[in-house]
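Computation of the quantities below employed the complete heavy-atom set of this structure, encompassing side-chain atoms and omitting hydrogens, waters and symmetry-equivalent molecules.
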Amino acid sequence: MITVLLADDEHLIRGALASLLVLEDDITVVAQAGTGDEALAMARAHRPDVAVLDLQMPGLDGVAVAGQLRDSVPGCAAMIVTSHARAGALKRALSVGVRGFVPKTVSAHDLAQIIRTVHSGGRYIDQELAADAIAAGESPLTPREAELLSYAEDGAPVADIASRASLSSGTVRNYLSAAATKLGAENRHVAARIAREHGWL
């Protein structure tokens, strides 16, 4: 029996997936979560074979959860199911050891088969998402620029970003200005939006 954790902030989708997976003879859903932090706690408590993680969740996103699971629950294979697929997100997911990356448009039958593939040590990446990732190219941002842009996404003032990153306000302004220039954005907020749309945050 393959034990599965389902993590999605949309209760209806999570419940529907659980109901459909129950129909499979060899798959059982042992835990469900609505946030990234909840997913980590449930994975540590239930030690599932496979974690099916939504990319966009409150708190930690699916990729961040997968990265932490790699260390804290090493026997758990992670896969991302998303309706917000971006090429950069696929690259980030692969870099932390995610074994599956699929859109939410996948059928229940196919999802069950992908869970089996991931559980057996295989990998499944949706072909369209893979093609988009190849076409998108690498992020022009340095890791520090990406980090600071992610802090700027919610409109935080430079002083708050500086405090959070343990940098001076002037240094933060320089990084954010460089990031905005690289992305052809008129300000940090637009730069953050562009970077998020490309999956670079």
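Between P103 and D126 there is a side-chain heavy-atom pair separated by less than 4.5 Å. Residues D71 and L69 fail the side-chain proximity criterion, which asks for heavy atoms closer than 4.5 Å. Here the side chains of L94 and R123 are in contact, with some heavy-atom distance below 4.5 Å. Taking the side chain as every heavy atom from C-beta outward, L5 and V52 never approach each other to under 4.5 Å.
With sequence neighbours excluded, the residues that form a side chain to side chain contact (heavy atoms under 4.5 Å, CB included) with D37 are T35, L60. Among residues two or more places apart in sequence or in another chain, the side chain to side chain contact (heavy atoms under 4.5 Å, CB included) test is passed with T28 by M1, T3, V30.
When the options L55, D54, D61 are evaluated for a side chain to side chain contact (heavy atoms under 4.5 Å, CB included) with M57, the one that passes is D54.
Cluster annotation: I125 and I115 are assigned to distinct hydrophobic clusters (Ile/Leu/Val/Met/Phe/Trp/Tyr, side-chain heavy-atom contacts under 4.5 Å, transitive). Residues V50 and L17 are members of one and the same hydrophobic cluster, defined by side-chain heavy-atom contacts under 4.5 angstrom among Ile, Leu, Val, Met, Phe, Trp and Tyr. Under the 4.5 Å side-chain contact rule for hydrophobic residues, M79 and F101 do not share a cluster. The cluster map of Ile, Leu, Val, Met, Phe, Trp and Tyr, joined by side-chain heavy atoms under 4.5 Å apart, puts L141 and I161 in the same cluster. V118 is not connected to V98 by any chain of hydrophobic side-chain contacts under 4.5 Å among Ile, Leu, Val, Met, Phe, Trp and Tyr, and they are in different clusters.
Under the salt bridge (charged side-chain N to carboxylate O under 4.0 Å, His left out) criterion, the residue pairs touching residues 149-171 are E153-R196, with sequence neighbours excluded. For residues 12-31, the pairs satisfying salt bridge (charged side-chain N to carboxylate O under 4.0 Å, His left out) are E24-R116, D26-R116, with sequence neighbours left out. For residues 38-49, no pair satisfies salt bridge (charged side-chain N to carboxylate O under 4.0 Å, His left out), with sequence neighbours left out. Sorted by first and then second residue, the pairs that involve residues 141-152 and meet salt bridge (charged side-chain N to carboxylate O under 4.0 Å, His left out), not counting sequence neighbours, are R144-E147, E145-K182.
To the nearest 0.5 angstrom, S107 atom OG is 7.5 Å from I114 atom CD1. For the atom pair CG of L167 and OH of Y151, the computed distance is 9.0 Å after rounding to the nearest 0.5 Å. Put simply, CG on D8 and CD on Q56 are 11.0 Å apart, with the number rounded to the nearest 0.5 Å. Atom CD1 of I13 is separated from atom CG of L6 by 11.5 Å, given to the nearest 0.5 angstrom. Atom-to-atom distance recorded for N187:CG and R193:CZ is 9.0 Å, nearest 0.5 angstrom. Atoms NE2 and CD1, on H189 and I194 in that order, are 13.0 Å from each other to the nearest 0.5 Å.
Across all their heavy atoms, A43 and V73 have their closest contact at O-CG2, 3.8 Å. The nearest pair of heavy atoms linking V96 to A66 is CG2-CB, 4.2 Å. Residues P58 and D9 approach most closely at CD-CB, 3.4 Å, considering heavy atoms. Considering every non-hydrogen atom in both Q32 and A18, the closest pair reads NE2-CB, 3.6 Å. Heavy atoms only, all atoms of each residue included: L20 and A108 are closest at CD1-CB, 3.6 Å. Between A93 and I80, the closest heavy-atom pair is CB-CG1, 4.4 Å.
Within a 6.0 Å sphere centred on CG of L12, other residues, nucleotides and ligands contribute 12 heavy atoms or fewer.
The closest donor-acceptor contact from the side chain of S163 to the backbone of A159 lies at 3.5 Å or more, if one exists at all. A donor-acceptor pair under 3.5 Å is formed between the side chain of S95 and the backbone N or O of R92.
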| request: For L53 and V81, run side chain to side chain contact (heavy atoms under 4.5 Å, CB included): C-alpha distance rounded to whole Å, both residues' side-chain angles, the deciding distance at 0.1 Å, then the answer. | output: CA-CA 6 Å; L53 308 167; V81 181; over 6 Å; no
